[in-house]
Every structure is written in C-alpha cells, then in structure tokens.
Amino acid sequence: MKRTLALFLALFTFSFSASSTAIDYVNDSIGVTRYSYIYQLNCSTDIPNDEVYARISPRPLSTNSAYVFVELLRFDGSTWVVEDTWEDSSGAGEAATVDGLYPFLSGRTYKVRATGYIYDSQGNLLEWDQIENSPSTKS
C-alpha cells in the first residue's frame, strides 16, 4: 500500500512539474466571496507547449468590463526578469483572456504574473488583484 501511494504521488508530482496554474475563484455556492466584482482570475504556463494563459471574468450578468495584464517572468539566478507581456480587455459582462505563445528555453525557470482589473460602465476602477503561478523549469 505504501509503495502504491508513493508511486502515485511521484507520478502526480511529475505530471505537473512542467506546467503550473494559479487560480483564484469566487465560490458563491458556499458563500465565500473574496471579491466584490471579480468572478474568476487565473494564470498558467504550459511549458511543453510554449503557452501562457491568463483570464479575468466579471461576475455573471454584470455590465462591468475586464482588463488583464500578463507578464512572463524568467528567473536569472538572483531576480525575476520580465521576458514578455500581453494584455486583453473585454466588453460588458465578458472575460478578458490572454493566450500567448513563448519559446521557453531548456534549463530556464519561468512563472506568470497576471494583474486583473474590473471597471464599471463609466470606466471607473471597481476592483483589481494580482496573482502568480508557481515557477516551472523547462527540461
């Protein structure tokens, strides 16, 4: 039993070592509301497929718009350096989504930082947050 559990954990850990996701959801079904206006904010890297992803959604049925600014960061041994950036904005009630491509280099460690904003119909900032996924190294 211990050997089976250890094998499962090793395979589970390995399967997620090349990609990493940060997700910040609002779960209304249990009454947890971290945000007032943001419904979903997430970001991820898919290193084997050279993909960067981020998304911010306003609450369903709202007239608010969204904007997401995404930074791909590379660790240079002592600090994180911005390698590339993307951005997207949305219309009323829609999500802003970035689905970027980047040629990740072997042996380098990367992470994504997403900053999401929600605006009302007059363009006033209602809420914002910033998240990062866990660093991943391309083998």
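All residue numbers in this chain count up from 1 along the given sequence.
When atom types are taken as modelled, the side chain of Asp99 and the backbone of Tyr53 share no donor-acceptor pair closer than 3.5 angstrom. In terms of modelled atom types and a separation under 3.5 Å, the side chain of Asp76 and the main chain of Ser78 share a donor-acceptor contact. For the pair Ser106 (side chain) and Ser139 (backbone), a donor-acceptor distance under 3.5 Å is present. Remark: side-chain polar atoms of Asn133 are paired, donor with acceptor, to backbone N or O of Val112 under 3.5 angstrom. Remark: side-chain polar atoms of Arg59 are paired, donor with acceptor, to backbone N or O of Ser36 under 3.5 angstrom.
Residues Tyr117 and Leu125 form a side-chain contact, since some pair of their non-hydrogen atoms from C-beta on lies under 4.5 Å apart. The side-chain heavy atoms of Pro135 and Trp80, taken from C-beta on, include a pair separated by under 4.5 Å. With contacts defined as side-chain heavy-atom distances shorter than 4.5 Å, the pair Leu73/Val82 qualifies.
With sequence neighbours left out, the side chain to side chain donor-acceptor pair (under 3.5 Å) criterion links Tyr67 to Glu87. Every residue meeting the side chain to side chain donor-acceptor pair (under 3.5 Å) condition with Thr109, not counting sequence neighbours, appears here in chain and number order: Thr137.
Side-chain N/O atoms of Glu83 and Tyr110 include no donor and acceptor closer than 3.5 Å. Side-chain atoms of Asp129 and Thr115 include no donor-acceptor pair closer than 3.5 Å.
Rounding to the nearest 0.5 Å places CZ of Arg113 at 11.0 Å from CG of Leu72.
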*Decide yes or no on side chain to side chain contact (heavy atoms under 4.5 Å, CB included) for Leu126 and Asn64, but give the supporting numbers first.*
CA-CA 9 Å; Leu126 298 172; Asn64 300 324; 3.4 Å; yes
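Of the listed residues (Ile56, Asp88, Thr85), just one forms a side chain to side chain contact (heavy atoms under 4.5 Å, CB included) with Phe69, and that residue is Thr85.
For Asp50 and Lys138, the salt-bridge test passes: some basic side-chain N is under 4.0 Å from an acidic carboxylate O.
The aromatic rings of Trp86 and Tyr102 sit perpendicular to each other, their planes meeting at more than 60°, with 30° as the lower class boundary.
Here the two rings, on Tyr37 and Tyr35, have centers that are 6.0 Å apart or farther.
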